[in-house]
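For reference, the structure discussed in these notes is given below.
Basis for what follows: all heavy atoms, side chains included, without hydrogens, waters or symmetry-related copies. Counting convention: from 1, in listed order, for ligands and their atoms alike. These numbers were taken from a predicted model, which means no experiment stands behind them.
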Amino acid sequence: MKHVTEYSKQELNDMLKELTIQFQEAKKLNLKLNMARGKPSADQLDMNMGLLEFPKGFMLEDGTDARNYGVLEGIPECRRLFGQLLGLDPDLIIIGGNSSLNLMFDTISFHCLFGTEGEKPWSFYGYEGSPVKFLCPVPGYDRHFQICGELGIQMIPVPLLEDGPDMEMVETMVREDASIKGIWCVPLHSNPQGVCYSDRVVDRLASMETAAPDFRIFWDNAYGVHHIYEEVPLKNILEACEAGGHPNRTYYFFSTSKITFPGAGVSLIASGPDNMKELKGHLSSQTIGHDKLNQLRHVQYFKTPENIRAHMKALAKVLRPKFDMVLKRLEEELEGSGLAVWSHPKGGYFISLDTLEGCAKRTVELAKEAGVTLTGAGATYPYKKDPKDRNIRIAPTYPTPEELKAAMDIFILCVKIAGIESVVN
Ligand code: PLP
């Protein structure tokens with residue numbers, strides 16, 4: 001398709017008529033396709049079934065019986081495995097349950113309830129009439145925003161640029177406003193754009209001056225080993241914070257949800273020594289210990305960080321044709337049209353597409369009408385409000401290749417209809 005501005009109004013109206021006929025035809029197929037959530041496909045899950053043959057035996061290397069209560073911080077062999085994988089100090093890791101999101105919610109809740117390092121609990125600010133604020137790089141992960149919403153934390157969107165958040169903006173805001181207590185970061189293959197943070201951004205985050213002494217970075221490295229096209233390195237934020245004189249600035253999160261089984265994997269949190277001590281104190285009132293048999297299962301199955309990386313390469317082989325297909329179809333149908341721009345991720349789980357201004361909601365509605373469910377327009381912004389109504393998250397991982405092809409055909413049709421409608425009206 002030529003650029004939309006190169007067509008006359010008459011030509012665009014004719015094109016719209018033709019596209020509408022195609023849309024009506026597509027509706028008759030009564031499809032039921034889903035490109036909404038970033039879930040692994042059944043094929044991917046099948047590749048992890050060997051995990052369920054473990055654990056074989058239940059005695060830990062230090063003689064502890066993994067079947068029983070205890071070991072709040074997680075079994076040493078599991079902390080060591082993920083410490084090696086991510087370059088983290090195993091003594092500063094706590095292995096959680098099956099969900100890192102759960103750890104994020106709990107950690108922020110603890111700050112709201114108890115405060116940290118002797119500072120006022122974050123929820124007090126809300127009772128005093130001026131809630132604490134978090135910086136939210138956008139577009140971002142809807143469930144991060146949901147945590148803030150649930151806990152009464154005000155969200156301030158910050159543009160996510162090619163190599164991380166707009167640091168000029170971040171540095172100015174955190175220097176001037178002591179009620180800004182946190183920032184969300186998905187530093188590798190971000191959800192949804194696939195942005196990877198540069199060393200420079202990591203250093204600036206780690207060393208910037210903050211008005212709030214209890215400012216924290218919530219470093220959600222959910223896609224830390226999820227490379228598809230290219231292995232992207234990531235500077236170690238905990239080391240950078242330590243070097244910058246802020247050893248407790250960052251909470252680092254990770255999980256095996258998209259390595260083994262979402263809902264039945266293991267998660268972790270890592271941070272500086274003071275934070276870990278505080279965290280263990282709070283956690284010890286919450287649980288006697290997480291599922292050690294599952295931790296052991298993961299250790300015995302993978303054994304080494306190299307094996308985890310090899311496993312991720314095998315999973316990438318399943319994911320790559322799906323990403324290829326989405327990118328190819330977008331290129332064939334929309335490149336140069338001026339109707340959309342999209343991301344070219346090197347890994348992760350998503351492709352982010354921006355329609356013409358004011359067209360994302362309409363596109364998602366049209367797709368729904370034709371049986372294709374997409375993540376709600378606006379979901380990638382705090383309060384579900386995309387100010388320009390442009391961003392749509394495409395999640396290509398779950399459908400089969402055939403379903404994905406059918407879903408993309410309809411999606412592209414909808415992007416065209418919504419875009420051309422907005423140009424002619
Ligand atoms: N963080 C990000 C950025 C995600 O995209 C997701 C899932 O899509 C999660 C966290 C969820 O992690 P978990 O399954 O460990 O709770």
Side-chain angles (χ1 to χ4, degrees), residues 34-41 44-45 48 51 74 78 82 85-86 93-109 134-148 150 155 160 164-165 182-197 217-228 232 234 237 250-270 290-291 294-295 298 308 312 315 319 323 343 345-352 374-376 379-382 391-398:
N34 196 315
M35 287 202 295
R37 292 235 69 97
K39 296 201 286 190
S41 63
Q44 272 173 272
L45 298 176
N48 305 323
L51 180 69
C78 192
F82 289 108
L85 180 72
L86 302 167
I93 290 178
I94 294 175
I95 306 287
N98 67 315
S99 156
S100 61
L101 200 66
N102 194 161
L103 284 173
M104 294 173 220
F105 184 89
D106 282 348
T107 306
I108 299 177
S109 302
F134 265 38
L135 300 182
C136 300
V138 289
Y141 178 39
D142 53 350
R143 291 183 191 270
H144 287 161
F145 305 150
Q146 202 179 325
I147 291 178
C148 285
E150 182 74 4
M155 291 172 266
L160 186 60
I183 183 169
W184 285 111
C185 296
V186 182
L188 269 185
H189 311 303
S190 75
N191 176 352
Q193 286 165 306
V195 166
C196 297
Y197 286 30
I217 297 169
F218 292 87
W219 195 252
D220 177 4
N221 200 13
Y223 301 106
V225 290
H226 302 56
H227 312 294
I228 298 174
V232 185
L234 175 66
I237 183 105
T250 294
Y251 283 103
Y252 187 125
F253 302 91
F254 183 77
S255 81
T256 65
S257 286
K258 286 159 183 174
I259 297 176
T260 58
F261 299 122
V266 291
S267 63
L268 70 79
I269 180 168
H290 291 103
D291 181 347
N294 198 30
Q295 296 171 24
H298 280 74
I308 299 181
M312 294 315 289
L315 290 181
L319 290 176
F323 278 75
S343 61
K346 297 186 174 112
Y349 255 62
F350 304 100
I351 290 166
S352 170
L374 294 159
T375 312
T380 51
Y381 281 76
N391 190 247
I392 297 174
R393 185 179 81 163
I394 303 173
T397 58
Y398 185 68

Which of parallel (below 30°), tilted (30 to 60°) and perpendicular (above 60°) describes H226 and F254? perpendicular

I'd like to know if D142 pairs up with R37 as an ion pair, taking the criterion as any Lys NZ or Arg NE/NH1/NH2 lying under 4.0 Å from an Asp or Glu carboxylate oxygen. yes

Close-range residues for ligand 1, whose non-hydrogen atoms fall below the 4.0 Å threshold: S99, S100, L101, Y141, V186, N191, D220, A222, Y223, S255, S257, K258

Is the shortest heavy-atom distance from the side chain of [X] to the side chain of [Y] under 4.5 Å?
X	Y	result
Y349	P40	yes
L234	W219	yes
R393	N191	yes
Y197	L188	no

